Amino acid sequence: MKSFPFLFFALLAILFTSCSKEKTPNMTDYAIIPQPISVVGTGDSFELVENTQIHLVGDSAQLTQISAYLQQLIQNATSFDLQTNTETEPGEGAIVLALDPSLSVGNEGYQLDITKQSIKLSASSEAGLFFGIQTLRQLFPAELEIKSQVSGVKWRIPTGIITDSPEYAYRGAMLDVARHFFSVEDVKHYIDLLAFYKMNMLHLHLSDDQGWRIEIKSWPNLTTIGGSTQVGGGKGGFYTQEQYKDIVAYAQERFITIIPEIDMPGHTNSALASYGELNPGITVPKEHSVKVDRAALGVEGLDPLASELYTGIVVGFSTLATDKEITYQFVDDVIRELAEMTPGPYIHIGGDESHVTEMKDYIPFINRAQEIVAKYGKTSIGWDEIAHATLLPGSVAQYWAVAENAKMAVDQGAQVIMSPATKAYLDMQYDSTTVLGLHWAAYIELDSAYNWEPTAMVDGIGKSNILGIEAPLWTETITNRSELEYMVFPRITAIAEIAWVPKESKDWDSYKKRLIDHGKRWELMGINYYKSPLVDWGK
Ligand code: TNX
């Protein structure tokens, strides 16, 4: 009995150490998506506190901006106002962001070295530092994602070393803002979510039969008329050039390149309703045609040649007049204005489903469109059909449907972006009970979105032919942010992992387990996601 107090305290001590152990599991047990190339845990933890400093090393104006991003990220939930220091040696407990061009971690890679005393994030590029911050973010308790002050959480992260770099240079998503318009705020929200998963390209589908969404100053009716509606007949909308530039800058700060798409020569009814001279005599499917009320839209004069507006979802009835010079003046003006406000290297010229353009007209049109893009210093991307034309050196084909087209592009020396509709289309329904979305290509459950290999999609197309992966979200049935999130999550994380991780390291069971933690983060971020029955989300 005498030994009771001793035993009691010994037991307490054991309990206490095992509990605190539980609070700092090994770094290898953390749920990072995409899975880093190498994670070596050292079993301890670093605790972020109020006076932790951010220490910057390196010569780049962007460092300050990256540091401000991290500072803000931390401040939301912790309310710590971390100070940034560029002068003295980092003190105890600092977060060091080091830009070191001699570091061999690849162009977008990074190394994260966390000890009990400090966090050191190094990279050879600013982008690498930014992606490293996303990993760091995922090592913190999920509550870090709450946008307002959280109390009672210890901001601890596990110690260890992560070395990481992406498999593909192009890791993208596409948002169709033409079928349903999405506000600047919605697009920025999507950009934030893509950044969390180290995606670096956002392709905006800015025009289609149902709407024209980007202000073109030399052709103002494109937006006043062409932007005035959307699928289902809502009021549509468009981005002014200032708003577009704002989106581009916001994306740039998150190391995401905006790729604007003007779809042509098909998918152009919104332009034809705005300027009849671009193709007199198009007939819009009757049940979803809307008369243009020019007076109500404040457009003077008449345009007897113009088509009606279109609010349905069946496509393939429209085409620019490929044999008229005015068409090329139009394309030139549009590409010139777009190129002027797009710092990224690419302009997407569409080229898909031009069912009413004869091949003998389609080919010279695509050839000329590519030349116009090149004239303004940009590189063309087009849907896989553009491989029928003569691809300019550097032009990129986006495989979505026809393997032979993708192969034809590669045979011409082009690189390919992999967006197979049966795997990567985020508008495809999860299963037959999904209310939103379509299923013309497939039902895409989470395992199907994860378990595919870009280099095994098309015979004769291997790693060196593939620029990267892109997941498009077409929005015929998607009308708002919450619906967007439901179709995107969790599948976008599967796409992000395919794009980042080498195929040997992809692991469905590990991914499924890691998603549970991400589900918790999404709850805290207020994201509406599909609770796939294949994942044990917990309560
Ligand atoms: C096909 S994908 C299209 C789009 C539709 C999509 C719906 C592609 C290049 N064309 O116009 O929105 O299917 O899933």
Side-chain angles (χ1 to χ4, degrees), residues 172-182 203-213 230-232 259-271 284-285 288 310-320 346-357 362 366 369 380-389 395-406 408-409 416-430 434-444 448-449 457-458 469-479 483-484 486-488 491-492 495:
M174 186 211 82
L175 180 62
D176 170 10
V177 295
R179 270 53 177 275
H180 279 100
F181 182 63
F182 287 79
H203 163 187
L204 291 175
H205 184 75
L206 290 169
S207 69
D208 212 302
D209 288 320
Q210 301 87 346
W212 186 284
R213 308 297 178 207
Q230 59 184 4
V231 168
I259 299 166
E261 177 185 355
I262 297 299
D263 203 349
M264 30 188 191
H267 288 270
T268 39
N269 189 69
S270 62
V284 176
H288 297 287
Y310 178 60
T311 61
I313 68 174
V314 175
V315 296
F317 62 88
S318 59
T319 183
L320 293 170
Y346 301 115
I347 290 193
H348 201 303
I349 56 173
D352 59 313
E353 300 175 313
S354 259
H355 302 321
V356 294
T357 325
Y362 176 86
I366 294 294
S380 297
I381 305 180
W383 297 105
D384 61 45
E385 290 96 322
I386 66 160
H388 288 285
S395 287
V396 175
Q398 184 166 10
Y399 168 58
W400 67 282
V402 180
E404 294 76 40
N405 290 345
M408 270 196 313
V416 170
I417 295 167
M418 283 290 172
S419 300
T422 53
K423 295 291 176 187
Y425 269 29
L426 299 172
D427 62 317
M428 290 299 117
Q429 295 171 328
Y430 292 98
T434 311
V435 175
L436 299 167
L438 308 169
H439 57 259
W440 65 264
Y443 291 115
I444 309 179
S448 177
M457 296 306 289
V458 182
I469 324 297
E470 183 181 295
L473 180 68
W474 299 101
T475 59
E476 287 92 336
T477 65
I478 316 297
T479 68
E483 293 175 356
L484 174 154
Y486 183 81
M487 298 310 279
V488 165
R491 289 182 294 195
I492 194 76
I495 300 297

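Every number for a ligand or one of its atoms is a count from 1 in the order of the listing. Remember, predicted model here, so these are calculated numbers, not experimental data. Just so you know, residue 1 is the first one in the sequence shown, and it goes up from there.
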Per-atom contacts of ligand 1 with W440, taking only distances under 4.0 Å to non-hydrogen atoms: 1 (C), 7 (C), 13 (O), 14 (O)
Proximal ligand 1 atoms for D427, defined as those under 4.0 Å from one of its heavy atoms: 7 (C), 14 (O)
W383 ring center within less than 6.0 Å of H203 ring center: yes
Full working for side chain to side chain contact (heavy atoms under 4.5 Å, CB included) between M418 and V416: CA-CA 6 Å; M418 283 290 172; V416 170; 4.2 Å; yes
Heavy-atom donor-acceptor pair, D208 side chain to Q210 backbone, under 3.5 Å: no
side-chain hydrogen bond (donor to acceptor under 3.5 Å, both in side chains) evaluation trace for E261 with H205: CA-CA 5 Å; E261 177 185 355; H205 184 75; 2.8 Å; yes
Polar contact flag for E353 and ligand 1 (N/O pairs, less than 3.5 Å): yes
Ligand-residue contact atoms, ligand 1 with M428, heavy atoms, under 4.0 Å: 14 (O)
For L438, atoms of ligand 1 separated by under 4.0 Å from a heavy atom: 7 (C), 14 (O)
Taking atom 12 (O) of ligand 1 as the reference point, the nearest protein heavy atom with its distance: E476 OE2, 2.5 Å
R491 to Y425, cation-pi by 6.0 Å centre distance and 45° axis angle: no
Protein contact to atom 9 (C) of ligand 1 [nearest heavy atom, distance to 0.1 Å]: D352 OD2, 3.1 Å
For atom 11 (O) of ligand 1, closest protein heavy-atom neighbour: R179 NH2, 2.9 Å
G266 backbone acceptor or donor facing S318 side chain under 3.5 Å: no
Sub-4.0 Å atoms of ligand 1 with respect to non-hydrogen atoms of Y425: 2 (S), 8 (C), 14 (O)
Y430 backbone acceptor or donor facing T434 side chain under 3.5 Å: yes
For ligand 1, the portion of D176 having any non-hydrogen atom under 4.0 Å away: neither
